[in-house]
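What follows is a short report on a single structure.
Note that this is a predicted model, so its numbers are computed, not measured. We name chains A, B, ... by the order of the sequence lines, and we start the count at 1 in each one. Computed over heavy atoms, backbone and side chain alike; hydrogens, waters and symmetry mates excluded.
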Number of protein chains: 2
Amino acid sequence: MEQDNLPLGMVVGQMMHEMLRVLKKRDIEKAEIPLTIEQHAVLHILNVKESDVILKEMADAMGKDKSAILRIIDVLEKKELVRRAIDQKDRRKKYLMVTKKGEQVIEEFYKIDEELREELKEGLTKEEMKIFYMVVCHIKKKAEQL
Amino acid sequence: MEQDNLPLGMVVGQMMHEMLRVLKKRDIEKAEIPLTIEQHAVLHILNVKESDVILKEMADAMGKDKSAILRIIDVLEKKELVRRAIDQKDRRKKYLMVTKKGEQVIEEFYKIDEELREELKEGLTKEEMKIFYMVVCHIKKKAEQL
DNA sequence: GTTATTTAGTTGATATATGCAACTAATCTT
DNA sequence: AAGATTAGTTGCATATATCAACTAAATAAC
């Protein structure tokens, strides 16, 4: 099957859709505080960034409008998963801090995701997964330059 | 870099986001009738399916609720890109037909997508792309079973 | 020190997508 | 003929997204 001729977004989009469908389902079933994928994505980035993050930086990191990120932060704050902390030196800046509760939600989601990932990878070699991730990174970097 | 430990959805999601950002931008710049990605996805599936498709089948194919597909079809119909055709034998069934105008939109989008795809693939071998698509298919099939 | 510019965050408005439940119309099964 | 199933539709609620315009705060220019 000559997939090379298929729209890349359609092919990968369908895989994402199926995978996220299962992820959402399991998050709803197992998690104490189920969140949407976008909300998890925000928490994830707060978790992996080495330094503290303000809203503008989060918007840049996710390639989205700051008002979109702000609405997501509003919900996460309401659920007490993050708090806004004002920078003493520059009162315009508000740092997004993950609460203890938020960290629990992150760990819980990582477990659910890791379990699913293991199931999905079954039958694939480490070398195939390595190439897969490499291609994903390559395409992302290329797209970022456009 | 041990990407294997990162949430699969996050990694691929970021790639999709960057890629779709460029695709949307070019669609808006170049296309006569710019559509959203979801609208293009519906047209794409209508295009690649060998037999004619009713709404229920489209919903199944995309893994979404039929009411969600129906709203998208409503918009595409309003833009005269598709028409609903009632099955004479079973008046519950309405076939989704792509108009000539719709076919033009599909071709236009395929061109934009193919051009982008070539740019994104630059630096990747055919073998690497082959493995990438194989992994995507594998993961989609596995997820479908869950 | 004052004014202009830039930056960070917020809000309102609008558009799109999504799913669930409940409904109608049509067909099939019993 | 009545009950069950299927296809499509509608109302409602929720989430995400972007743009423009705004306020508050900091920086730059004069």
Between E57(B) and Q39(A), whichever has its closest DNA chain D nucleotide further toward 5' is E57(B)
Can you give one letter per nucleotide of nucleotides 23-30 of chain C, going 5' to 3': B for a protein heavy atom under 4.0 Å from the base, S for sugar-phosphate only, - for none?
---BS---
Lys/Arg-Asp/Glu bridge criterion (N-O < 4.0 Å) met for E77(A), R83(A)
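A salt bridge is absent here (no side-chain N lies under 4.0 Å from a carboxylate O).
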Any Lys/Arg nitrogen of K79(B) or D74(B) sitting under 4.0 Å from an Asp/Glu carboxylate oxygen of the other?
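No, K79(B) and D74(B) are not salt-bridged.
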Give the table of side-chain donor-acceptor pairs shorter than 3.5 Å for residues 137-146 of chain B, with sequence neighbours excluded, one pair per line with atom names and distance.
from	atom 1	to	atom 2	distance (Å)
H138(B)	NE2	L120(A)	O	3.2
H138(B)	NE2	E122(A)	O	2.7
K140(B)	NZ	Q14(A)	OE1	3.3

Pairs touching residues 12-41 of chain A that satisfy ring-ring contact (aromatic ring centres under 6.0 Å, His included), sequence neighbours left out
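Applying ring-ring contact (aromatic ring centres under 6.0 Å, His included) to every pair that reaches into residues 12-41 of chain A, excluding sequence neighbours, yields H40(A)-F109(A).
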Is Q39(B) reaching over with its side chain to a backbone N or O of T36(B), donor-acceptor style, under 3.5 angstrom?
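Yes, Q39(B) side chain to T36(B) backbone: donor-acceptor pair under 3.5 Å.
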Hey, can you pull the donor-acceptor pairs under 3.5 Å for the side chains in residues 45-56 of chain A, sequence neighbours left out?
from	atom 1	to	atom 2	distance (Å)
N47(A)	ND2	Y110(A)	OH	3.2
K56(A)	NZ	D60(A)	OD1	3.4
K56(A)	NZ	D60(A)	OD2	2.9

Is the number of heavy atoms from other residues, nucleotides or ligands under 6.0 Å of K101(B) NZ greater than 12?
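More than 12 heavy atoms, drawn from other residues, nucleotides or ligands, come within 6.0 Å of this atom.
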Look at the side chain of L55(B) and decide which nucleotide, out of dT9(D), dA7(D), dA17(C), has an atom nearest to it.
dT9(D)
Can you give the dot-bracket line for DNA chain C, using ( ) for pairs inside the strand, [ ] for pairs that cross earlier ones, | for pairs with another strand and . for unpaired bases, where Watson-Crick and G-U count if both distances are under 3.5 Å?
||||||||||||||||||||||||||||||
From L81(A) CG over to L76(A) CG, what is the distance, rounded to the nearest 0.5 angstrom?
5.5 Å
Applying a 4.0 Å non-hydrogen cut-off, can you work out what R21(B) is touching in the nucleic acid: base, sugar-phosphate, or nothing?
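The residue R21(B) makes no contact with any strand.
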Between the protein and nucleotides 11-15 of chain C, which nitrogen or oxygen pairs come in under 3.5 angstrom?
from	atom 1	to	atom 2	distance (Å)
dG12(C)	N7	R71(A)	NH2	3.3
dG12(C)	O6	R71(A)	NH2	2.7

